[in-house]
Structures are given as structure tokens and as C-alpha cells.
Amino acid sequence: MTRHKVIIDTDPGQDDAVAILLALASPDEIDLLGLTCVAGNVPLERTQTNARIICEVAGKPETAIRAGCDAPMRRPLVTAEHVHGKTGLDGPDLFEPSMPLTDGHGVDFIIETLRREPAGSVTLCTLGPLTNIGSAFQRAPDIIARVKKLVMMGGAYFEVGNITPAAEFNIYVDPEAAEIVFKSGVPIVVMPLDVTHKVLATKPRVDALRALNSRVGIFTAEMLDFFERFDVAKYGSAGGPLHDPCVIAYLLQPDLFSGRHVNVEIETQSELTLGMTVADWWGVTDRAANALFIGQVDADGFFDLLTKRLARL
Ligand code: RIB
Ligand code: CA
């Protein structure tokens, strides 16, 4: 069994929360070095608070959680309360967490960890805008070659955008950071909307989580009861798409997913298509492939994995 050393960079968000719970439920496969929080779905003050709430609900108050960047590298912050609610974790009754934030800035933690750990041993899992990662790579280019791989939720191609007609939210919020990451040469696995819109938390699937009858199961079901509203209203979906848990599920069971190595570049100039992930899916350019762009998933296998793992917490 492969045990991955992982930093999770996140902007909780209900789907981030499920991803974090899945990681915390899988210690045999995931050595979680720490969470770094970023502004995204909601401002940083809320994302770091939400991360602490999630770890306390999971019974893991010893988890290292650091706050990172509170705004994109070169643009004003765009948030998504219309999807996640004012708290970013609307649905269950929330509480003020008692576990403290870990000292130090998230970007410093990313740099220091990659310099300390053996080269090629740390996987970055990004669930939000890439501001912390782009900032770390820009400040300390020496760490880039030390990254084992970066598995991200972000982007879209055939599925087009969810925050604009052209762009997915995580990339749209900080396209300059995304450009740094996609041009860095780090091995990248992308979970775009093309695949995340295929893992829908339908009523039977949410009820199976609620039926765990644990604090985690009920908390997760209540989050998803709220989280689905945006996608059901916009797309007529049968449930909320579990975007971010795809990143963690890929580490646990990669054969649930399939995709294609292609070139992906980021639009950073045009206001019309800002943040678009331009994936050369059909190889019509001579641009080198820089990402495994995932398009297919065994959705039933994904939810079977998720439910069995959350039952452990
Ligand atoms: O577009 C979906 C992504 O944006 C997810 O990561 C969600 O949590 C938000 O960050
Ligand atoms: Ca997220």
C-alpha cells in the first residue's frame, strides 16, 4: 500500500470538508502533513475557521492547520457565498472551534516542508484557488522540482465554466497563480468539472451517509443537503457534485478515474474568457502535455469508497 505524504490546500466549502474528512479517515494511505487554508469560497477568516470545525467534527483536533493568503496574487478576491452560504459551511449547526490555528503562514509551511522532506516525497492536494501554491513557487522556485505531484480540483473543458461561461471557480479566482502552477513543470493531475459533475451526491447516496448515524455522517449529510441547491437549480442535477473529494479519492483508488495527458494553458488576459483552462484535448498544437486531465470516473465506486471511509470516523 502506498502511503502519501500530503499537504492539503483548501478553501472550505462543503465539498472541501468532505475531502478533508476522507483524508482524515485514511491514515494508512495519507500522512497528512498539514492543511493550508486560502481565501476562495469565503474569506480566509472563514476558511481557516471552517477547517478547524471540520477537524474537530472528525475528532482530529491535533491536525496542523495554517492560514495562507487572504487574496489572489494580483486581483481582488471573488467569493462563492451563493453556493456555500455565508459561513461557507452552511447546512449543519456550526460552532466556534476550540482547536487553535497552527503558528506560521501557510505559504511558509509549504516552502519549509518541501525543503525539509526528501525530494519527490510530498504530494500537494489543492482544493481551492492556487494562490498559496503560486506564491510559494514564485518565492521559492527551488521547491518546484521537489514536489512529487500536484493533484488539483480545478478547470473545465467539455463541461465549460461554473462561475463564468468559460471558467471554473478555483482557476477564475486566481488565474495568475494557476498559470504559474501549470507552467511550473510539476507533475499535475487535474480533476475538472468534466469529471466532478459525474459524482453527484444524490438522495440515496446522502441518505447512506446519514445512515452512518455518526457525528461525521450526519454532519456530512446536512452539509450536502444545503450544498446541492446551487447545482440542482442551475443544472437540474440530481445532487451536489463532490468536486474536491475526487482529489483525495484519486490518491486512495486511482483506478476509479481515467483521463488523458494533454497541454493545459490558462487564460489570464481576456476578460471574456479569464481563468479558462484551455485543454488541447485533441492535440492540435505543438504545446507539450503538462497535465493528466481526468474525464471519467466510476461514480458508484467513488461513493462506496467515501461512505466506507467516513464510517471509520
Ligand atoms: O468550482 C468548484 C470548486 O470551487 C470547488 O473546489 C469548490 O469548493 C470551490 O472551491
Ligand atoms: Ca474548494
Side-chain angles (χ1 to χ4, degrees), residues 1-11 15-16 18-20 22-23 26 29-33 36 38 110 114 119-130 132-134 136-137 143-159 168-171 174 177-199 241-266 276-281 283 287-299 301-302 305-306:
M1 179 185 309
T2 306
R3 190 161 197 248
H4 305 270
K5 281 184 183 178
V6 172
I7 294 174
I8 295 177
D9 193 72
T10 180
D11 66 333
D15 60 317
D16 301 67
V18 180
I20 293 165
L22 180 57
S26 307
E29 296 97 333
I30 292 178
D31 176 6
L32 183 58
L33 302 179
T36 51
V38 67
I110 291 166
L114 282 164
S121 68
V122 176
T123 295
L124 301 177
C125 290
T126 68
L127 312 181
L130 290 160
N132 288 339
I133 310 301
F137 285 7
I143 67 172
I144 293 172
R146 302 180 66 85
V147 177
K148 179 178 183 181
K149 69 167 161 264
L150 187 152
V151 188
M152 77 166 67
M153 192 280 142
Y157 188 61
F158 295 103
E159 196 68 4
E168 177 278 326
F169 179 78
N170 285 341
I171 308 299
D174 200 337
E179 184 177 52
I180 290 170
V181 170
F182 277 91
K183 288 191 169 173
S184 69
V186 165
I188 297 173
V189 179
V190 183
M191 294 287 169
L193 298 178
D194 304 50
V195 67
T196 68
H197 279 181
K198 295 173 181 170
V199 284
L242 290 196
H243 307 290
D244 295 336
C246 288
V247 170
I248 305 303
Y250 180 80
L251 294 187
L252 300 176
Q253 211 172 319
D255 58 1
L256 288 173
F257 300 91
S258 64
R260 187 181 290 186
H261 274 100
V262 295
N263 176 268
V264 178
E265 303 226 351
I266 309 298
M276 182 175 182
T277 45
V278 181
D280 184 6
W281 187 262
R287 298 195 294 258
N290 59 349
L292 174 59
F293 204 79
I294 301 293
Q296 299 301 326
V297 59
D298 168 0
F302 169 88
L305 171 69
L306 176 65

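Everything quoted here is computed from the prediction, not taken from an experiment.
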**Asked** Do the non-hydrogen side-chain atoms of D15 and M153 ever get within less than 4.5 Å of each other?
**Response** no

**Asked** Hey, is the main chain of L127 close enough, under 3.5 Å, to the side chain of N170 for a donor-acceptor pair?
**Response** yes

**Asked** Would you say D280's side chain and N263's backbone share a donor-acceptor pair under 3.5 angstrom?
**Response** no

**Message:** Pair Y157, V262 - check side chain to side chain contact (heavy atoms under 4.5 Å, CB included), show working.
**Reply:** CA-CA 12 Å; Y157 188 61; V262 295; over 6 Å; no

**Where G295 and K198 come nearest, the two heavy atoms and their spacing** = O-NZ, 2.6 Å

**Request:** Using atom types as modelled and distance alone, determine if a side-chain donor or acceptor of H197 lies under 3.5 Å from a backbone N or O of E159.
**Result:** no

**side chain to side chain contact (heavy atoms under 4.5 Å, CB included) evaluation trace for T277 with I266** = CA-CA 5 Å; T277 45; I266 309 298; 3.7 Å; yes

**Complete:** Heavy atoms of V247 and M152 approach each other most closely as CG2-C, 3.6 Å

**Message:** Any heavy-atom pair between the side chains of H4 and K148 that's under 4.5 Å?
**Reply:** yes

**Asked** How about L252 and I30: do any of their side-chain heavy atoms sit closer than 4.5 Å?
**Response** yes

**Atom pair CG (L114) and NZ (K5), whose distance is rounded to the nearest 0.5 Å** = 11.0 Å

**Request:** With N132 as reference, evaluate L124, V38, T126 under the side chain to side chain contact (heavy atoms under 4.5 Å, CB included) test and give the passing residue.
**Result:** V38

**Request:** Verify, without hydrogens or angle tests, whether D244 (side chain) and D16 (backbone) share a donor-acceptor contact under 3.5 angstrom.
**Result:** yes

**Contact check, side chains of I143 and F137, non-hydrogen atoms, under 4.5 Å** = yes

**Message:** Under the criterion side chain to side chain contact (heavy atoms under 4.5 Å, CB included), I'd like the reasoning laid out for H243 against V199: C-alpha separation, chi angles, the key distance, then a yes or no.
**Reply:** CA-CA 8 Å; H243 307 290; V199 284; over 6 Å; no

**Asked** Just wondering, do I248 and S26 contact through their side chains at under 4.5 Å, heavy atoms?
**Response** no

**Asked** For K149, what residues pass the salt bridge (Lys or Arg N to Asp or Glu O under 4.0 Å) criterion, not counting sequence neighbours?
**Response** none

**Message:** Would you compute the distance between atom CD1 of I110 and atom CD1 of I133 and round it to the nearest 0.5 angstrom?
**Reply:** 4.0 Å

**Message:** Counting C-beta onward and ignoring hydrogens, is there a side-chain heavy-atom pair between L292 and H261 closer than 4.5 Å?
**Reply:** yes

**Request:** Measure the CG-CG distance between L130 and D174 for me, rounded to the nearest 0.5 Å.
**Result:** 7.5 Å

**Prompt:** Okay, side chain of D194, backbone of I294: is any donor-acceptor separation there less than 3.5 Å?
**Reply:** no

**Asked** Do K183 and E265 have side-chain heavy atoms sitting under 4.5 Å apart?
**Response** yes

**Item:** Test item: L251 and C125 side chains (from C-beta on) under 4.5 Å apart, heavy atoms
**Value:** yes

**Message:** Determine whether V189 and F257 satisfy the following criterion, side chain to side chain contact (heavy atoms under 4.5 Å, CB included), listing intermediate values before the conclusion.
**Reply:** CA-CA 11 Å; V189 179; F257 300 91; over 6 Å; no

**Fill in**
In terms of heavy-atom contacts, A23 and I8 come closest through CB-CD1, 3.7 Å

